[in-house]
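Keep in mind that this is a model prediction, so the values were computed, not measured. Counting starts at 1 for both ligands and their atoms, following the listed order.
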Amino acid sequence: MSEHATFCRICEPTCGMVATVEDDRLIQIRPDKDHPITAGFSCPKGLEFLHVQNDDDRVLHPLRRRPDGEFEQISWETALREIGARLREIRSRHGGGSIGWYGGNPTAFSHSHALWLGWFLRGLGSRHLYTPNTQDTSSRFVASALLYGSPVVVPVPDLERTDFALLIGTNPLVSRGSLISAGNLRERFTEIVARGGRVVVVDPRRTETARAFEHVGVRPDGDAWLLLAMLNVIFAEGLADEAAIAAQTTGIDALRVAAEQCPPDLAEQRCGVPAADIRTLARDFATARTAAAHGRTGACLGAHATLVNVLIDALTIVTGNLDREGGLLFGRGTIDLTRIAHLAGIDTYDTYRSRVGDLPEVIGQLPAPLMAAEIETPGKGQLRALIVSAGNPVLSVPGSTGLERALGKLDLQVGIDLYLNETHRHADYVLPAATFLERDDLVVAALDFHLKPFVQWTEAVVPPRGEARPDWEIIDDLGRELGFAVVTGLATKLVGTGRMGRLALRALAPAAGRVTPALLIDLLLRTGRDGDRFGLRRGGLSIAKLKKHPRGIVLAEHLEAGVLRRKVFHRGHKVRLDGDVIERELARLLDAPPPDADYPLLLIGRRDVRSHNSWMHNTPKHRDPDRRQLAMVHPKDAAEIGLSDGDPVRVSTPQGSIEVPARVTDEVVQGCIAVPHGWGHRDAGWQIANAAGGANVNEVLPAEPADLERASGMARLNGVPVRIEAVVTAAR
Ligand SMILES: Nc1nc2c(c(=O)[nH]1)N[C@H]1C(S)=C(S)[C@@H](COP(=O)(O)OP(=O)(O)OC[C@H]3O[C@@H](n4cnc5c(=O)[nH]c(N)nc54)[C@H](O)[C@@H]3O)O[C@H]1N2
Ligand SMILES: Nc1nc2c(c(=O)[nH]1)N[C@H]1C(S)=C(S)[C@@H](COP(=O)(O)OP(=O)(O)OC[C@H]3O[C@@H](n4cnc5c(=O)[nH]c(N)nc54)[C@H](O)[C@@H]3O)O[C@H]1N2
Ligand code: SF4
Ligand SMILES: [Mo]
């Protein structure tokens, strides 16, 4: 029996864990109390990962679909050869641009998965790259592109020193935080209050976080009005930090003019927050010694998502809290993500547009809700083959009924996953992926979101079960079938041609052949700001050094302030508050039509503490009926349709209807219904999840090009107009 320090890679705290292994099998996983950041913190998902790791329902061998629809086991060699041949044939007939990839949420928690698949599509010359971003963060990235000149520059709230944290559309006591990585956030918030500061949560639901701190109940999709009205008060009452505005920004007038048109009394009608409360909130935020506003998915998925994200940062900026201690700070990854994204050519916004729907790419990705139309619309670049890794778009992307139908029309569909999920039911091949405990790793994407700059490397703690392989290796092998080495070009670009580059290339020479993630990460660490520069700097970082510190290394106590010049790419390194997109979005808000009388309620999502999007539903504890999907409905809305607690409620949109058991509660504001996504399991390869069932809310959410936000291609998953009815069951 042996114990290994490692870390969880399900969500953003990437909690330190200790894995106990016996005979190459995981027998326990527990929080690591000696971890320098997470210090013994973890959540139910991390602990239940033991059951995912050892689950009998995992896909452990390559599978091929037989004509009768069932899957049969084949060898890796056969799988790679056959998939390779079919991809080559599709490429020669229709071009590499007819092959696409959807890479799901877990790709972000791997050192290599996203990078390798991006490079794979680049090798094919294909633009069909889809991810959950248009269901999650694209609007945030676009706001960053507009404000800072790079979509990947996303500031984080300095929770360790702030006096006022304004949280908009995020529920970190359940989600554990997103675009921020700071261990136990409940502790961070409690410390703010203990210092005499405040934590205010803007949310249509009195969430776990809102209950623990202060709550402002906003109408779904009302945030832009609320924020603009707060700016109105701040400008009108002379509370803006004009010196900071002059020093750090250009284009403030566009914002002043728009804010003038949005006094609190008007905003109250649109966002449901009383005008007096808006005024007080604005004054309190602006006069706090330090303050930071931070938004997440509740701010990213509405009809005005890009604007909401711009306004969230604008509030912090005009009150003089950007790039200041206790305000919003810029990440300090030991690997410079901004530089890598630039070298890899993915720090882009709107450099090309989708074939169907004419929507902008964001960091090289197109809107996932368009996949169905891209498959079904003939012409050059029609999507004919789709590889889906670490994703389940049939449950996670709106318009899922249409997507399911379209998948059936592909010439080739391949899945790479731990499970045969609802999406892979349609695949021609399913390839077994290694879990995070079965691979080495360093979560590159999280580096810029650590409040305390930190880095940790882990080795695999158990060998892959069955014939599972790490994702990057599968992608690399598929690339070889198509005649290209996936990441070699990037490695050469990174080292450059100077003295360090020559040293690096000499160090790397023996490994020539296959560029492994470990090799690439070592290169990035060693050439990075803390790196050992291949011997030029003693004591600097390398994987060898990180292996000597298996619980990771804290690189600084806090993020630095005063780095704006390095982070803002606009002229003069100034934050840009105007521009065509921002001005168009402000005008669109002020002209927004009133609510639709046929669909009078507004639907939002909800996350559960024990599941993760569509997965983590196959652990033994999910046999518990208490873990079923529930729709929250306000008592007054329930009374109007004669709905009782526990009865099914039918939720309808122009796209269709679903039925979900109702929880009648004033936890949601009146006029709002909260329905979790990621449910609706059926006929897939996970038995407990199939039995847990539920309804797939994405079947009724809109996915036509016209339904997506023009500025970012963002899906509208919050604040969606719906109608509800009580379902009359036979028993009544
Ligand atoms: N346990 C658990 N943890 C998770 C996940 C999970 O599924 N389960 N998923 C992970 C993923 S992929 C992500 S991206 C993160 C997301 O992290 P968060 O965004 O913090 O997660 P949510 O719980 O969805 O919080 C969004 C909040 O926005 C609110 N909201 C909805 N509409 C609006 C609106 O119009 N305005 C405002 N102000 N609020 C609104 C919702 O009520 C909800 O409380 O969580 C991650 N962590
Ligand atoms: N209506 C609505 N829809 C939403 C949201 C919402 O709030 N409302 N939230 C959106 C958000 S924020 C997100 S991130 C998406 C998530 O959407 P997706 O990423 O499409 O779906 P997940 O449910 O996270 O599925 C992850 C899959 O990866 C597999 N997996 C886990 N680890 C690995 C690994 O290491 N390798 C491989 N190959 N596979 C692995 C799991 O078995 C699972 O099948 O959903 C989005 N959809
Ligand atoms: S909060 Fe839970 S799921 Fe997320 S990294 Fe920590 S243990 Fe894993
Ligand atoms: Mo997400």
Side-chain angles (χ1 to χ4, degrees), residues 7-15 17 31 38 41-47 49 52 58 102-110 113 131-133 135-137 167-172 174-179 183 201-205 207-210 216 218-223 226 295-302 308 368 388-398 415-419 421-424 431-436 438-439 470-471 474 602-616 618 668 672 674-678 686 697-698 701 715 717-719:
F7 50 90
C8 180
R9 275 148 278 170
I10 299 173
C11 69
E12 281 165 78
T14 51
C15 299
M17 302 295 251
T38 56
F41 173 73
S42 77
C43 82
K45 294 178 297 177
L47 301 178
F49 194 77
V52 174
R58 264 182 67 184
Y102 175 94
N105 171 266
T107 64
F109 298 92
S110 146
H113 193 155
T131 72
N133 274 355
Q135 294 72 255
D136 184 343
T137 36
L167 306 177
I168 299 157
T170 179
N171 184 18
V174 166
S175 71
R176 313 303 175 181
S178 181
L179 297 183
V201 182
V202 178
D203 201 302
R205 183 163 78 82
T207 60
E208 294 74 359
T209 314
V216 174
V218 70
R219 185 173 300 154
D221 220 12
D223 307 87
L226 171 68
R296 265 315 278 125
T297 59
C300 284
L301 301 171
V308 171
V388 176
S389 62
N392 193 2
V394 163
L395 292 195
S396 68
V397 175
I416 305 175
D417 207 290
L418 316 181
Y419 291 98
N421 68 25
E422 285 70 19
T423 304
H424 307 319
L431 305 175
T435 66
F436 62 74
E438 297 168 345
R439 60 175 196 243
D471 295 289
I474 303 172
L602 297 172
L603 179 141
I604 61 168
R606 182 161 70 82
R607 287 183 151 75
D608 178 75
V609 77
R610 296 153 305 190
S611 61
H612 194 81
N613 299 315
S614 80
W615 67 300
M616 300 295 302
N618 207 52
V668 285
C672 167
V675 184
H677 74 283
W686 33 33
V697 69
N698 281 313
L701 294 180
L717 305 178
N718 280 332

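Residue R176 has at least one heavy-atom neighbour below 4.0 Å for each of these atoms of ligand 3: 1 (S). Close approach of ligand 3 to I10 is summarised as follows: ligand atoms under 4.0 Å from at least one heavy atom of the residue are 3 (S). For ligand 3, the atoms lying closer than 4.0 Å to a non-hydrogen atom of C8 are 3 (S), 5 (S), 7 (S), 8 (Fe).
Assignment of K45 to the shell around ligand 1 is supported, since a heavy atom sits closer than 4.0 Å. Using a 4.0 angstrom heavy-atom cutoff, A299 does not count as in contact with ligand 1. Under the 4.0 angstrom criterion for non-hydrogen atoms, G719 is not in contact with ligand 1. Distances from ligand 2 to the non-hydrogen atoms of T435 include no value under 4.0 Å. Contact annotation: A434 has at least one heavy atom less than 4.0 Å from an atom of ligand 2. In this structure, G605 does not count as a contact residue of ligand 2, since none of its heavy atoms falls inside 4.0 Å of the ligand. Residue contacts with ligand 1 do not include G302, since none of its heavy atoms lies under 4.0 Å from the ligand.
Of the candidates P44, C43, S175, the one placing a heavy atom closest to atom 3 (S) of ligand 3 is C43.
Contacts with ligand 1 closer than 4.0 Å are made by side-chain heavy atoms of D136 only, the backbone lying farther away.
Polar contact check, H612 against ligand 2: no nitrogen or oxygen pair lies under 3.5 Å apart. Considering backbone and side-chain atoms together, R607 places an N or O closer than 3.5 Å to an N or O of ligand 1. Considering backbone and side-chain N/O of T297, one or more are found under 3.5 Å from N/O of ligand 1.
Closest non-hydrogen pair, S396 versus Y102, comes out as OG-OH, 3.5 Å.
C11 lies close to atom 4 (Fe) of ligand 3, since one of its N, O or S atoms is found at a distance under 2.8 Å.
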